[in-house]
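See structure below.
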Amino acid sequence: MDSWVNSAEVLGSDLPLELRGTGNRRAVLMRALRDAVRSGRLAPGARLPPYRSLAADLGLARNTVADAYAELVAEGWLAARQGSGTRVAERAVPLARAHRRRTPERAARPVHDLVQGKPDPSAFPRSAWVASARRALTRAPHDAFGPGDPQGRPELREALASYLARVRGVRTSADRIVLCSGAAHALRLLAEVVGGPWAVEAYGLPYHRELLAARGVRTRPVTVDGDGALVRELGRGERAVLLTPAHQFPTGGPLHPERRAAVVDWARATGGLVVEDDYDGEFRYDRQPVGAVQGLDPEHVVLLGSVSKSLSPTLRIGWMVLPERLVDGVVAAKGEREQWSSATEQLTLADFVGSGAYDRQVRRMRQRHRRRRDQLVAALERRAPQVRVSGIAAGLHAVLELPRGTERSVVRAAAWQGLAVEGLAGYLHPAAGAGAGRDGLVVGYATPAEHAYAPALEALCRALPPE
């Protein structure tokens, strides 16, 4: 570890910043800046010098200062705003007294949000939803206002059975659908009923792996390539495999037809269960629709879906299309009372689907997301032609492939630009092994409002490494 001392009159002639102590230079600089904020020498809203100027004043590398600024922004000490530089974050409680509080400081809110998985809240079809709610409440039977059925309202289950058969090639009936609050709720219930261990795609949502682990279900990663999961790696030890066949999450691409057939053969031969997360099967742009794997064998495949991407995550309505043998167990695990999604919202969604409003909303959002995706690809072609984009034929995000060893620095540079975006490494299963991962960014293009999308892309391009 380095031990060094450096002093410079920076941040204004009346504020000397002294760097001393052990640790690498970035850590020492971050400690000195935190101390300056705590002591009040740097007041809330005070503007810091550009990182190039501070680097020159202190005799440090520019990347050292840029990384220190980015980490302090992420910690909430500083705030980066496009066009106004970096300033000390505004706080309701002076930092000189903040050490008395036991709760950690929250990170500063980013200016731009390109985190995957979140639709633009302004795109919610309010008028159509209100019209469906009015009709649903007018027609609702009296029992809709009672304790509720843990399987969910029959009106919505009937509507979903018809819709999923037409749009996703699902083979089911209303009595084999159980309503839930989303994919996470469905996985908790299945973990309790099916048990473990499970196989999962090597790239996937860490949250899903964590909630399975919390239910005592151990997961083993299965390699993912351009054709989806390598299902030949499945063995007889797993009770289930969790897949995203319509569009592998997050790397992109549908599961190859031969692998779709092979995973069904595995389930039949072993008695295992295929859990199909159909999280964005409705959003395709440059290819023909890919039907659900569930249609190949309804007795060995569970299909999970929700309206969190197509409408809003606040509705907390999802569904499981189950093999007949699992229905009673899942309903029993769910409990005697419907505690997760409102019966009136279920009735509203039933009308929304049955009236055709849901189809219109999906078409509208598909056009919007395709336009967003095309803007992203065009911006990268102009500003960062060295970056390859993949996973763009469907879904709400793209993967930007980066040179090996650059992902962490690019994520830090994005934070410096006030941009929230995630690295690909965070989605890799921890047991995948050294060398299994690759560097990249997972860029969601659905969240920003229309007026904010172009500035978000500008910030993204500035953060990417040069050719």
Side-chain angles (χ1 to χ4, degrees), residues 1-39 41-42 46-89 105 107-108 110-112 114 380 383-387 400-426 437-441 458-467:
M1 303 288 282
D2 293 333
S3 179
W4 58 294
V5 177
N6 192 359
S7 296
E9 295 289 331
V10 296
L11 305 173
S13 58
D14 59 344
L15 180 60
L17 184 69
E18 188 172 83
L19 307 180
R20 64 170 64 244
T22 59
N24 60 52
R25 298 191 173 195
R26 177 178 53 80
V28 173
L29 175 58
M30 290 173 63
R31 187 161 57 240
L33 286 169
R34 288 193 199 98
D35 288 344
V37 175
R38 286 193 189 100
S39 68
R41 288 180 292 149
L42 277 175
R47 184 170 182 171
L48 276 68
Y51 73 91
R52 293 180 179 85
S53 301
L54 185 58
D57 287 338
L58 295 176
L60 299 176
R62 292 180 179 179
N63 286 346
T64 298
V65 180
D67 286 351
Y69 274 16
E71 291 199 33
L72 290 172
V73 167
E75 291 177 7
W77 296 96
L78 306 180
R81 294 291 183 269
Q82 187 176 4
S84 63
T86 303
R87 299 176 182 271
V88 177
E105 297 292 341
V111 180
H112 310 294
L114 292 181
L380 293 171
R383 300 283 303 277
Q386 75 281 6
V387 175
L400 277 55
E401 299 183 14
L402 300 174
R404 184 166 290 277
T406 64
E407 180 180 307
R408 291 184 64 184
S409 62
V410 171
V411 172
R412 286 197 299 266
W416 166 242
Q417 297 292 336
L419 173 65
V421 69
E422 296 174 322
L424 187 58
R438 50 196 175 96
D439 286 55
L441 292 182
E458 284 294 315
L460 173 66
C461 290
R462 287 195 297 270
L464 295 173
E467 294 187 62

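Just so you know, these numbers come straight off a predicted model, no measurement behind them.
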If I take atom [atom1] from residue [X] and atom [atom2] from residue [Y], how far apart are they, to the nearest 0.5 angstrom?
X      : Y      : atom1 : atom2 : value
Leu60  : Asn63  : CG    : CG    : 11.5 Å
Leu48  : Leu54  : CG    : CG    : 7.5 Å
Met30  : Leu72  : CE    : CG    : 4.5 Å
Leu42  : Leu33  : CG    : CG    : 7.0 Å
Asp439 : Arg404 : CG    : CZ    : 6.0 Å
Cys461 : Leu419 : SG    : CG    : 10.0 Å

Distance-only, no hydrogens or angles: does the [X] side chain make a donor-acceptor pair with backbone N or O of [Y] under 3.5 Å?
X      : Y      : value
Glu407 : Leu402 : no
Gln417 : Arg462 : no
Gln386 : Pro465 : yes
Glu401 : Gly440 : no

Inset, instruction - Measure up the Tyr51 and Trp416 rings against each other and bin them: parallel (under 30°), tilted (30 to 60°), perpendicular (over 60°). - result: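 Ring orientation, 0 to 90° scale: perpendicular.
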Inset, instruction - Using side-chain hydrogen bond (donor to acceptor under 3.5 Å, both in side chains) as the criterion, list what pairs up with Arg62, not counting sequence neighbours. - result: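 Per chain and number, Arg62 pairs via side-chain hydrogen bond (donor to acceptor under 3.5 Å, both in side chains) with no residue.
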Legend entry - Asp35: side-chain hydrogen bond (donor to acceptor under 3.5 Å, both in side chains) partners, not counting sequence neighbours: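 Only Arg38 meet the side-chain hydrogen bond (donor to acceptor under 3.5 Å, both in side chains) criterion with Asp35.
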Output a table of donor-acceptor pairs, distance under 3.5 Å, between side-chain atoms of residues 408-415 and any protein atom two or more places apart or on a different chain; print 'none' if there are none.
unit_1: Ser409; atom_1: OG; unit_2: Thr406; atom_2: O; d: 2.8
unit_1: Arg412; atom_1: NE; unit_2: Asp67; atom_2: OD1; d: 3.3
unit_1: Arg412; atom_1: NH2; unit_2: Asp67; atom_2: OD2; d: 3.3

Legend entry - Evaluation steps, salt bridge (Lys or Arg N to Asp or Glu O under 4.0 Å), between Arg383 and Glu458: CA-CA 9 Å; Arg383 300 283 303 277; Glu458 284 294 315; 2.5 Å; yes
Legend entry - Flag side-chain contact, heavy atom, 4.5 Å: Leu460 against Leu441: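 Yes, at least one pair of side-chain atoms sits under 4.5 Å.
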Legend entry - Side-chain heavy atoms of Leu400 within contact of Leu380, under 4.5 Å: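 They are in contact (side-chain heavy atoms under 4.5 Å apart), so the answer is yes.
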